[in-house]
Visitor: 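Take this structure first; my questions come after.
First listed ligand is number 1; within each ligand, the first listed atom is number 1.
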Amino acid sequence: MKILRAAHLGMCFGVRDAIELALDHADAGPLTILGDLVHNPTVLSALEAKGIAVAQDVADVNTPTVMVTAHGTSDRSLARTRALGLRVVEATCPLVTVAHRAVAALARDGYHVVIVGQRDHVEVRGLTGDLDRFDVVLEDADVLALEEHPRIGVAAQTTQALEKVRRLVDLIRRRFPASEVRFIDTVCKPTTQRQSAAVEMARQVDVVIVVGGRSSNNTRELVNTCARYCARVHHVQTEADVRPEWLDGAEVVGLTAGTSTPDDVIGRVEERIRLRADASAGQVRQAEAATLK
Ligand code: SF4
């Protein structure tokens, strides 16, 4: 059995830099991260081992310094945190900052802002946190529920699949032909690269294994995309989730991973797939030998 890795997979520069920044600051003094720095349990355990605290609410912070995650936050939220006397370290990914600027420009130019993304995702809360009026859409039904505005400005959560975003923008245009609809593409390049590479890989394999945190948006999008090109797609967080029966009869197994998945986790999943394949090949050989006796 062959394992085919997607040409682009795994941790992006934004997540890598945020983890490094957290570890540097943890060496300098007590640090609390506001929310999950990344949606990956393995990375979060490593940070915890360094004594870094995680709080979901600023009211629960017991250290003088807090870190905003790579997902970013709104200016209003930053101001509220600083008003509590906390020092703020920002690990916001530069590509999330680009998305913030796009949203601010749309609002400044009088567009009603529509974000394509997950309403409750921390990045989307950050993108919309400085707006008084906005909408968030993820499915066709959300677009059908929108109200008409003379100018509609659309931007996306950075980890959405661009193909899906474009489809929803087209739907908005068709639904409101009299409105001026402006779209700024804020999907980040690492997400687009991983999506395209996943399509390329999924077309050539019998089974796809996607590695990433259960609550990671871009990992879920990779699963959805691969499922359009391959009937057997499985999402795992670690090598412990790999089930031997998934590999039954597979000649080529494809591997991809979300932007918050560390290289060593991907490596261990790959190794587990290889071991499972070797074990079942051994069983086949034993069974064949037994029938010859
Ligand atoms: S997924 Fe994109 S926006 Fe998010 S941290 Fe990585 S590079 Fe930045």
Visitor: Quick one: does V96 get a heavy atom under 4.0 Å from ligand 1?
Guide: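 It does; at least one heavy atom falls under 4.0 Å.
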Visitor: May I ask you to decide if the ring planes of H149 and H112 are parallel, tilted or perpendicular, using 30° and 60° as cut-offs?
Guide: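 Parallel, since the angle between the ring planes stays under 30°.
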Visitor: Which residue owns the protein heavy atom closest to atom 3 (S) of ligand 1, what's the atom, and how far is it?
Guide: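 Closest protein heavy atom to atom 3 (S) of ligand 1: T158 OG1, 3.4 Å.
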Visitor: Between R167 and E163 (salt bridge meaning N to carboxylate O under 4.0 Å), is one present in this structure?
Guide: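 Result for this pair is no, no salt bridge flagged.
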Visitor: Which of the atoms of ligand 1 are close to P190, meaning less than 4.0 Å from one of its heavy atoms?
Guide: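 With P190 as reference, the close atoms of ligand 1 come out as 7 (S).
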Visitor: Check this for me, if you would: do R175 and E148 make a salt bridge, where the nitrogen-to-carboxylate-oxygen distance has to be below 4.0 angstrom?
Guide: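 Result for this pair is no, no salt bridge flagged.
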Visitor: Are more than 12 heavy atoms, taken from residues, nucleotides or ligands other than R76, located less than 6.0 Å from that residue's CZ atom?
Guide: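 Counting neighbours around CZ of R76, more than 12 heavy atoms of other residues, nucleotides or ligands fall under 6.0 Å, so yes.
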Visitor: Have a look at ligand 1 and work out which part of T159, if any, has a heavy atom under 4.0 Å from it: side chain, backbone, both or neither.
Guide: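 Contact part for T159 vs ligand 1: side chain (C-beta onward).
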Visitor: Suppose I only count heavy atoms of F13 and a 4.0 Å limit; which atoms of ligand 1 are within that range?
Guide: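 Those atoms are 7 (S).
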Visitor: Using only heavy-atom distances, determine whether the side chains of N218 and T191 contain a donor-acceptor pair under 3.5 Å.
Guide: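 Side-chain D/A pair, N218 to T191: absent.
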Visitor: Assess C93: does it contribute an N, O or S atom lying under 2.8 Å from atom 6 (Fe) of ligand 1?
Guide: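 So C93 does not count as coordinating atom 6 (Fe) of ligand 1.
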Visitor: Tell me the nearest of G14, C12, A70 to atom 6 (Fe) of ligand 1, using heavy-atom distances.
Guide: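 Checking each option, the heavy atom nearest atom 6 (Fe) of ligand 1 is found in C12.
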Visitor: Does a side-chain N-to-carboxylate-O contact under 4.0 Å join R268 and D264?
Guide: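 A salt bridge is present here (some side-chain N lies under 4.0 Å from a carboxylate O).
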Visitor: Out of A91, G72, C188, indicate the one that has the non-hydrogen atom closest to atom 2 (Fe) of ligand 1.
Guide: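 Checking each option, the heavy atom nearest atom 2 (Fe) of ligand 1 is found in C188.
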